[in-house]
Amino acid sequence: MSLITHLMGQYKRLMAPLILLLMAAILGILYNYTNSLALAEESIPWIQFFGRFHPVVLHLPIGLFFGLFTLELVALKIRNPGVSTCTYLLSYLLAFSACLASYLGLLLASNGEYQGETFELHKNLGILFAIVSLVTTALKQLSLYKRALFLWIYRSLMLVMLLLLSLVGHNGGNLTHGVDYLTHYAPDWLLQLNPLKADKQGLTLVQVEASASNSDHFSMHIQPILNAYCVECHGAEKQKSGYRLDTYEHLIQPGKMGDNPIEDHSLAGSKLLEYMLLPESDIMAMPPEGKRRPSADEILKIAHWISLGAEGPPIDEAALAAELEAKAKEFALLEQLFSQGIILLPIASDSNLLYLDFQNYEGTELDTLLNIISNYKDRIFEIKLTGSSKAYPILEALSHAKALENLNLSNITSADSIIEFINSFDQLKTLNLHGSDISQAGLAQLNSPKLQSLYLGATAIKDTHNIPHLAAVKVTADFDLSALAQIEAISDENTSSFKPKK
Amino acid sequence: MNSHKQPKNNSLNRRDFLKNSSMGFGMLAASSLFQNDLMASLSSPLAPKVPHHPAKAKSVIFLYMDGGISQVDSFDPKPQLAKENGQKPKFKTDATVFNSNGGLLKSPWEFKHYGESGIPISDLFPHIGSCADELCVVRSMTALSPNHPNANYALHCGHVLAGRPSMGAWFSYGLGNLNQNLPSYVVVSGDLVPPGGIQTFGNGFLPADHQASLIRPVHPVMNNIEPREPVDALQRKKLDYLKSIDTAFFKKYHHADEVETAISNYELAFRMQMEVPEVTDISKESKATKRLYGMDSPFDQTRQYGAQCLIARRLVEQGVRFVELTMSKINGADRWDQHGNLKDGHEMNAYSVDQPIAGLIKDLKSRGLLDSTLIVFTGEFGRTPFAQGANGRDHNPQGFSMWMAGGGIKGGTIYGATDEYGYRAIENKVDVHDLHANMMHLMGINHKELTYRFSGRDVRLTDVHGNIIPEILS
């Protein structure tokens with residue numbers, strides 16, 4: 001009996017550190033998990049559902065911290081067992097709520113709409129705060145045993161937390177309300193005290209006008225309006241729905257809905273204008289309900305500018321000439337490849353990544369051509385070598401290509417010999433070996449670190465379910481004919497009035 | 001080339017600069033000064049071009065269900081029709097083609113839920129049902145016209161009148177081809193000419209390089225593809241001579257597009273002599289593959305459509321941008337246009353296409369090609385939920401079903417809805433412009449940016465319409 005009570009006692013004492021460790025572990029796991037999620041808002045709505053509680057929950061650790069801080073100050077003066085018990089309770093609550101706020105913050109940020117320095121600072125400091133609160137709680141507990149030492153570390157950490165909390169809170173506020181929210185109505189003498197504030201954000205309209213040339217209507221009249229009403233949620237820090245309105249370049253780029261914010265000469269085609277004109281109650285209205293909205297004059301200014309052609313800031317002619325020359329040079333090389341039946345071209349107009357295709361390659365001058373191609377090695381994103389007999393020299397020349405994610409080697413021969421090159425592609429995600437002569441031994445060598453998808457239909461590999469070293473890879477085997485006869489029977493039965501001649 | 005295409009004005013503005021400078025190497029789709037300069041230097045008009053944004057799909061297979069499948073008998077179950085079978089419709093009906101409208105007509109077929117997504121599909125399509133989790137069924141499709149030729153032109157060309165470029169031609173113009181020995185736009189014909197005729201596949205005002213090449217799934221797959229000369233060198237010599245005459249003419253008449261196209265078409269045809277017989281030769285496919293596509297079916301039309309699907313896969317594998325399959329004419333087969341004898345006609349057509357299409361999806365998937373191939377299955381309109389005569393259905397452009405699968409499509413989803421009778425689309429209406437806009441979006445084209453200067457304005461496939469539908473995209 002006494003043994004059990006003893007163990008129970010031990011168990012109780014272990015409970016507290018175990019809970020703290022568990023919370024830290026969850027923080028670590030979530031940090032890694034959300035880091036690996038890229039722009040996956042729609043596919044995992046529950047993450048966003050919970051994430052949006054972050055702005056609510058984060059107020060708990062703030063209140064609890066100041067409660068705890070005050071109580072600790074009181075405890076310095078007054079020795080009262082009640083106060084002392086309260087500090088233990090509050091420190092656990094603080095650690096717990098700080099961790100919860102961090103969890104939810106990580107989930108919220110996983111939609112990819114937040115970026116930039118302010119965000120990174122807020123995220124990292126927020127996590128640090130949660131960790132420090134865990135440590136202080138542990139120290140508080142330990143101070144029961146080794147009072148003096150731990151108590152002093154604990155108290156100095158409380159001061160660190162005070163500093164951290166101000167920074168985290170300030171950056172978080174900037175993220176939500178915009179950088180100049182706090183200082184917008186501050187008296188001038190206070191602004192002068194802050195040397196960091198002398199950036200462009202703090203400039204008055206007059207100063208902006210002075211800095212832009214007279215012909216630059218956009219920077220003088222349009223961008224300031226966008227800065228005042230839109231950039232808070234559609235700027236460098238945060239890009240709701242993937243839209244940014246903080247530079248001219250971004251105004252003519254589509255966001256998640258596929259539309260550009262503005263279409264020159266088209267008032268009806270400029271979504272920015274449409275959303276600004278919607279009544280505040282409309283779900284698509286921008287700025288949304290509750291936010292300050294632009295005046296009729298300001299909206300007219302934008303409309304007028306769009307109807308005149310939405311001209312941006314003047315261009316740098318020299319930069320344009322240099323750009324065109326560089327493109328023309330590059331084009332000449334790619335043209336040479338193309339004349340030999342090799343396609344090497346960007347996967348999109350605004351992308352540096354390249355698609356490489358040897359489908360029409362005639363088989364001559366391979367060394368010269370590979371010399372050209374290898375200059376672009378680290379920009380190649382996808383390679384199609386279906387049925388090619390030159391897979392070995394090509395992949396040898398391109399081994400360790402850093403951006404390669406998709407490699408199509410269907411129907412190639414001597415597949416086993418090139419596994420070593422395949423393994424050198426760090427970012428390879430999809431590998432197609434359909435119809436190739438890959439052997440069981442060759443497959444055993446395959447060890448590409450980021451591989452997610454592997455096609456092994458029509459190969460000698462029949463047991464695709466049992467490849468131990470590729471357990472994390474989605475292996476697609478040949479199509480399955482086993483259910484076909486059954487479906488055919490159903491099909492025949494259903495065609496009761498029409499019988500195909502047997 | 002592209003002498004019709006003038007930039008909006010001659011002075012470069014910042015917008016043009018941004019568009020150009022961010023783009024690749026001139027093998028581009030969008031209209032711009034820079035592109036025109038470099039396009040001219042390219043050796044082939046069908047050279048691949050850089051998409052506006054990264055493409056989800058590289059090729060389209062368009063399964064044209066000529067005549068119009070009945071939505072309430074295929075992908076849009078309406079139990080209300082069974083409850084009110086035979087009764088006069090309680091809702092307001094529009095004029096129909098024949099105006100011999102009877103009472104509501106319940107579907108002669110049962111629906112089953114398929115796959116993990118549980119998409120209901122009628123007993124007409126058990127094979128396609130086995131691929132349900134790949135499909136995105138759009139139940140709120142609408143047509144621009146209730147007449148075959150006009151609805152067909154609208155579906156293909158975005159306009160109800162004849163003479164516009166077909167979407168395949170637009171894709172070819174915007175993206176070029178990934179294989180220089182094959183045409184970019186191929187129609188694998190089942191011999192049933194669509195209503196409105198061959199203009200359905202035309203290039204309209206785009207250069208003639210972009211019109212469809214028709215091939216058949218039987219020998220000879222293409223007319224005049226075999227050289228008449230006994231030795232290759234002789235043919236080459238003839239072609240070179242022809243080219244020199246044409247080029248002189250071409251220069252004299254200030255680079256007429258038509259002449260240039262003719263020259264490049266001769267050259268493409270020359271290269272196709274090797275490639276076309278090879279790519280259409282389905283005899284080398286494995287027995288299992290042929291079985292998958294229904295090539296062992298007792299029914300001639302199933303075997304024919306199976307061969308068409310198999311050729312479509314082989315073309316897409318070779319980098320052809322746009323492949324369209326048309327319906328069969330053999331043994332008195334006819335389009336899905338059952339004004340009478342709905343049960344017989346729909347069953348016969350479904351039996352012809354069901355297994356080959358499911359085979360195509362499964363085969364593409366196992367080859368890793370489904371992710372880069374967009375499959376579109378649609379008629380030009382749907383059919384009425386009420387009867388025409390005793391046992392038929394009339395045309396219905398107000399609401400019908402179509403589906404897409406493959407590259408960039410969110411499989412296992414249903415988008416939009418018709419009313420409780422399946423007559424009108426009432427939720428998330430989609431029209432042909434939206435369909436085209438989304439197809440282009442998946443292929444990496446911004447449908448608002450791909451234009452061709454014609455008749456004094458920059459014309460788009462989607463005219464001034466078309467919305468991207470994020471809900472159907474993965």
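So you know, we letter chains A, B, ... as the sequences are listed, proteins then strands, and number each from 1.
Heavy atoms of Glu382(A) lying under 4.5 Å from chain B belong exclusively to its side chain. With a 4.5 Å cut-off on non-hydrogen atoms, Phe479(A) touches chain B through its backbone and its side chain both. Using a 4.5 Å cut-off between heavy atoms, Leu178(B) touches chain A through backbone and side chain atoms alike. Interface remark: Asp478(A) contributes backbone and side-chain atoms alike to the contact with chain B (heavy atom separation under 4.5 Å). With a 4.5 angstrom heavy-atom cutoff, Arg291(B) touches chain A via backbone and side-chain atoms both. Neither the backbone nor the side chain of Ala489(A) comes within less than 4.5 Å of any heavy atom of chain B. With a threshold of 4.5 angstrom between heavy atoms, Lys448(B) approaches chain A through side-chain atoms but not through N, CA, C or O. With a threshold of 4.5 angstrom between heavy atoms, Gln318(B) approaches chain A through its backbone and through its side chain. Heavy-atom distances place both the backbone and the side chain of Glu488(A) under 4.5 Å from chain B. At a 4.5 Å heavy-atom cutoff, the contact between Tyr355(A) and chain B is made by side-chain atoms alone. Neither the backbone nor the side chain of Thr302(B) comes within contact range of chain A; no heavy atoms are under 4.5 Å apart. Heavy atoms of Gln355(B) lying under 4.5 Å from chain A belong exclusively to its side chain. Using a 4.5 Å cut-off between heavy atoms, Ile347(A) touches chain B through backbone and side chain atoms alike.
Side chains of Asn331(B) and Gln301(B) form a contact here, defined as non-hydrogen atoms less than 4.5 Å apart.
Of the options Leu454(A), Leu431(A), Thr430(A), a side chain to side chain contact (heavy atoms under 4.5 Å, CB included) to Val473(A) is made by Leu454(A) and by none of the others.
Evaluation of the side chain to side chain contact (heavy atoms under 4.5 Å, CB included) rule for Ser130(B) yields Ile487(A), Lys362(B) as partners, not counting sequence neighbours. Checked against ring-ring contact (aromatic ring centres under 6.0 Å, His included), His441(B) has the following partners two or more places apart in sequence or in another chain: His53(B).
Between Arg314(B) and Asp363(B) there is no salt bridge, since none of the side-chain N atoms of the basic residue sits less than 4.0 Å from a carboxylate O of the acidic one. Using a 4.0 Å cut-off between charged side-chain N and carboxylate O, Lys290(B) and Glu285(B) make no salt bridge.
A distance-only check finds no donor-acceptor pair linking the side chain of Gln340(A) to the backbone of Glu362(A) [under 3.5 Å].
There is no side-chain donor-acceptor pair under 3.5 Å between Ser410(A) and Asn432(A). Side-chain atoms of Thr459(A) and Ser436(A) include no donor-acceptor pair closer than 3.5 Å.
For the set Pro108(B), Ala288(B), Pro470(B), the count of heavy-atom pairs under 4.5 angstrom toward chain A peaks at Ala288(B).
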